[in-house]
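Accompanying notes for the structure given below.
Numbered from 1 within each chain, the chains take letters A, B, ... in sequence-line order.
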Amino acid sequence: MADTVDLHTLEEKYRDRWSAEFEADPSGKEKYYLNVAFPYPSGAMHVGHGRTYTVPDIVARFWRMRGKQVLFPMGFHVTGTPVIGISKRIARKDEKTVWLYRDLYGVPQDVLDSFTDPMVIVRYFAGEYERIMRSLGLSIDWRRRFITVDPQYSKFIEWQYRHLHALGHVVKGVHPVKFCPQCDNPVGDHDLLEGDKAEIIRFVLVMFRFGDSFIPTATLRPETVYGVTNLWVNPNVTYVKAMVDGNAWIISREAAEKLKLQDHTVTIGDEIPGRDLVGKKASHPLSGEIPILPADFVDPEMASGMVMSVPAHAPYDYIALRDLQEKGMYTDIRPKSLLTLEGHGEFPAKDAVERAGIRDQKDPKLESITQEIYSAEFARGKMHDRYGGRSVREARDDITEKMLAEFGSAVLYDFDTRPVVCRCGGRVMVRILHDQWFLAYSDPAWKAEVHDQLGKMVLVPPETRAEFERTVDWLKDWACTRRVGLGTKLPWDRNWIVEPLSDSTIYMAYYTIAHHMKKLPAEKLTPEVFDYILLGKGTPSTLPMEVLEPIRRELLYWYPYDFRFSAKDLISNHLTFQLFHHRALLPPELQPKGMVVFGMGLLSGAKMSSSKGNVFLLEDAIEEFGADTVRMFLTGSAEPWQDFDWRNELVLSVKKQIERFWAAVQENAAAKGASGGALDTWLESRLQGRVARTTRALELFQTRQALQECFYGMEADLRWYRRRMGEKSDPGPAARALASAWIRLLAPFIPYTCEALWEALGEEGPIAFARWPEADPEKIRPDAELAEELLARTLEDIESITKILPVNPKEIQILVAPEWKRAIFVTIAGSPEKRDVVREIMKDEGMRRRGKESADAVKQITSLIHRLPPGYREGLLSYQVDEKGVFVAAQDFIGREFHVAVRVLSADESSHPKARLALPYKPAIVIE
RNA sequence: GCGAGGGUUGCCAAGCCAGGUCAAAGGCGCUGGCUUGAGGGGCCAGUCUCGAAGGGGUUCGUGAGUUCAAAUCUCACCCCUCGCACCA
């Protein structure tokens, strides 16, 4: 008996043997192609990555053993900006970054010194990823590895974008972005110190004429211009007169700065104190001449810093006006209603303010009331007939258009919350970018294609379907080009780089041909070449058909992919994007077939985060526990789509379990016991069920469920088998069969251990290609399983009794129920309608003669049947179990268990009062 | 705030869609016993609570409801996770 193994030696040995074992070429076998979202190699792998890649590996190994030709490839995503930032921080010896890379990730100093070049970083970590993935035992075809800036891959991107452009899916547009004037760059939410939730809002500037100038008031509700009674200006703020595109505007200084970034030429001129404007008049063609009034709530940082007042419909305006009027000022101004809203009076703002008991314009409740009125009026409001009589929703669009076209209005973008601060400390503003290219995901026709595609796909788990469908509806145009970062240049506009998410949408197809592409010079990979390889169109001139034809054949062999795996955070972008691109670029027969979405990883209950240092490095985990332990823990503690929690103490117990498995297989495989009797039949029968359920679980990607069956379940069966057999005898042939099947069932999960055992048992060939066990229905013996179940249940009963009894038992009697009770059992258990059963039974002459005894039995048996597991109950109906025979055969066993003599007899042979309690499959037990 | 998913007995986690089979699988931890090579070994049992007989009582985020019957169905509320865009 080889008790322990040196896992590390063992793993190293097979790692070498496996180096090229999983290279997969087209063959006569049915293919199975699965892939995972590739990593961005900017740091070390942690155990969370470990699970992301182990789950598909288990699936790959499973199908391989089931005889499919399996492709499991891997590449690296290196496009984008993060590594550029990292290299800069390394160059300026940023403390936190150096700590992260040198101390946490363990990058050697000389390597770290070269990290000032971003390409060095990604190449280094791509190498590290491969090394660690190999040590984790991933069955990847490494010949196909590529990174997203390989020149051949860039050619592939160029081909895609030319097509998307030609199809009208890539369009040019204007795009407001968060922008830091200090950095002179757009900033993403992750670049922000403050205000990362701020959204860009589009305001319409309503231009009020004020002498030779304009006062632009910013609003989200331009249709309310008909209800304007006055303007608001903050008397304590100093405004400026600025020349904007040749016209004089009176706005806040902040607003002037904003306008500069939004396609306006702005020259700031004289200052104008707010209080100087108070009491003067302004006018607009749609509202007439109105006065300018003072209000403290007017914020110079908000939009233009000028506000038009609609007291009938805007609570702030109503309150500010009321405050003034209570002091006896401007009492001639009346709110002016512009729409009707069901459930509200003429002036909804007034109703709401009064209902909420708002005191003045500083009341914090005003915010929510404003929101409430705004939503209600937008959803259900109807303009008065004199203002067109349309719904607010429609009127707003009309009036916006009209104002922009005829009344000199402009658009001003601003944030909904403030402040928004860049990491550099500078104030972030909205800037309009031009010439930005977009993927037109908002196109309804394109969306419809993706909905259609989703309908044809298998989504695991099924709950994600709703989220995918929502995402498709919700998606807007996606800015798909960048000015900075690593990546492929947009072929027709070389000032732009294809954005990182946008260059990784159909790369799964590239894996199928990547190893061929590597051998071809990039400059020969013209669009025509890809047209031929991917679409079968044309005759490329740069390369001979003898070269291209096998490449296309390989693509067609593997593609489309069967399943794509990824964590759930990619649903709202990548996983959905790739469906758009597949539909746009590839024919119907090459569309994706399924996706599996993972949960996230926790480390001892806390979120795993590299930047916070709360990570457990995968390499350390493999070093400490062994690759198999890591794999089994990561896939056995939760199903792939559930979040999992890495806890060292739990991992350690998994390691012990594997060691137990190792010893148990050795012991049972070497067993020489003679062909066993009923017990071997039982074990063999159990095994068939385990095999069937393990297989089923893996077909459904349920790694945890599969392990429950093929690890813990098998172990429990084997334990019972050994316990029943007793110490002395040697395990029989069923145990040897189990050992062989067991190794293969676990091979996808713990391949190193299983490969070693497979070899130790003298089996031919690598276990990765061994035949997956199949359940043999001939060997399933429900009667044998029922008999053991009966025994086990009775054993439990005896145990619970002996525990309660304060005395040491000297003898156990098992009193089996008489035949007539079994007849009742069969009648009741077999009857769908339990109520009439009693009457039926009592019709029988023999039953009636027993009187109360049979009536009691009916009651007891009904209650017993109610408690039996359904499978067990049905089994007992279909198969006769000779109760007495079972207990007599197990007499020695029971005696051994309890160290007392055991007698088995029929209940009607005993005069003991307990004897009357005997029920079918629940014998009376007398312990004395 | 919006969209999606989730809250089960010390912990992890089945069960919930198809209501009774559920005091509720399995693993971990802990407790006790056995193993007459004790130390990260194996086996057996217990682990909500009461019980001198295999049984009873109270539980499945909170509160209501439907039903003969609810962890499972309905409604409301509380809490957690993921996503909310140019970022991998």
Comparing S637(A) with M600(A), nearest RNA chain B nucleotide closer to 5' gives the residue S637(A)

Comparing nearest nucleotides in RNA chain B, the 5'-proximal residue of the pair Y40(A), Q705(A) is Q705(A)

Go through it in stages, so that I can follow the logic: the residues are Q813(A) and S910(A), the test is side-chain hydrogen bond (donor to acceptor under 3.5 Å, both in side chains), and I'd like the CA-CA distance, side-chain angles, deciding distance and then a yes or no. CA-CA 10 Å; Q813(A) 286 177 37; S910(A) 168; 4.5 Å; no

For [X], answer base if it contacts any base atom (sugar-phosphate contacts may also be present), sugar-phosphate if it contacts only those atoms, and nothing otherwise; contact means non-hydrogen atoms under 4.0 Å.
{"X": "T79(A)", "value": "sugar-phosphate"}
{"X": "H574(A)", "value": "nothing"}
{"X": "L570(A)", "value": "base"}
{"X": "P923(A)", "value": "base"}
{"X": "K656(A)", "value": "sugar-phosphate"}
{"X": "I927(A)", "value": "base"}

CG of L652(A) to CG of L650(A), rounded to nearest 0.5 Å, is 9.5 Å

CZ of R696(A) to CD of Q705(A), rounded to nearest 0.5 Å, is 11.0 Å

Closest listed nucleotide, where the reference is the side chain of [X] and the choices are [options]:
{"X": "D569(A)", "options": "G54(B), A88(B), G83(B)", "result": "G83(B)"}
{"X": "L475(A)", "options": "G3(B), G27(B), A85(B)", "result": "A85(B)"}
{"X": "S800(A)", "options": "G3(B), G54(B), G5(B)", "result": "G54(B)"}
{"X": "L650(A)", "options": "G54(B), C28(B), A14(B)", "result": "C28(B)"}
{"X": "Q708(A)", "options": "C82(B), A25(B), C43(B)", "result": "A25(B)"}
{"X": "K568(A)", "options": "C82(B), C28(B), C44(B)", "result": "C82(B)"}
{"X": "L501(A)", "options": "G54(B), C82(B), C87(B)", "result": "C87(B)"}
{"X": "I801(A)", "options": "A53(B), A4(B), G27(B)", "result": "A53(B)"}
{"X": "A924(A)", "options": "A45(B), A88(B), G54(B)", "result": "G54(B)"}
{"X": "K476(A)", "options": "A88(B), A85(B), G26(B)", "result": "A85(B)"}

**Item:** D643(A) with K568(A): basic N within carboxylate O range, under 4.0 Å
**Value:** yes

Figure out the [atom1]/[atom2] separation between [X] and [N], and round it to whole Å.
{"X": "I812(A)", "N": "G54(B)", "atom1": "CD1", "atom2": "P", "answer": "16 Å"}
{"X": "Y374(A)", "N": "G1(B)", "atom1": "OH", "atom2": "C1'", "answer": "14 Å"}
{"X": "F711(A)", "N": "C12(B)", "atom1": "CZ", "atom2": "P", "answer": "22 Å"}
{"X": "E799(A)", "N": "C43(B)", "atom1": "CD", "atom2": "P", "answer": "16 Å"}
{"X": "R723(A)", "N": "C34(B)", "atom1": "CZ", "atom2": "P", "answer": "16 Å"}
{"X": "F38(A)", "N": "A88(B)", "atom1": "CZ", "atom2": "P", "answer": "12 Å"}
{"X": "R793(A)", "N": "G55(B)", "atom1": "CZ", "atom2": "C1'", "answer": "15 Å"}
{"X": "E624(A)", "N": "G40(B)", "atom1": "CD", "atom2": "C1'", "answer": "12 Å"}

Between H77(A) and T79(A), do the side chains contain a donor N or O and an acceptor N or O under 3.5 Å apart?
yes

The ring-ring contact (aromatic ring centres under 6.0 Å, His included) partner of F38(A) among Y507(A), Y153(A), F76(A), Y53(A) is Y507(A)

Evaluate whether atom NZ of K172(A) has more than 12 neighbouring non-hydrogen atoms of other residues, nucleotides or ligands under 6.0 angstrom away.
yes

If pairing means Watson-Crick or G-U wobble with both distances under 3.5 Å, then the partner of C30(B) is G46(B)

In Watson-Crick or G-U wobble terms, with both distances under 3.5 Å, the base opposite U66(B) is none

So does N573(A) reach the base of A88(B) with its side chain, donor to acceptor, closer than 3.5 Å?
yes

With the stacking rule set at 5.5 Å and 30°, tell me whether W474(A) counts as stacking on A85(B). yes

With a 4.0 Å limit, can you tell me whether [X] has a side-chain N or O closer than that to the phosphate oxygens OP1/OP2 of [N]?
{"X": "T81(A)", "N": "A88(B)", "value": "yes"}
{"X": "R722(A)", "N": "C44(B)", "value": "no"}
{"X": "Q642(A)", "N": "A14(B)", "value": "yes"}
{"X": "Q657(A)", "N": "C28(B)", "value": "yes"}
{"X": "R647(A)", "N": "C12(B)", "value": "no"}

message: I want to check a possible cation-pi pair here: R724(A) against F893(A), using under 6.0 Å from ring centre and within 45° of the ring axis as the test.
response: yes

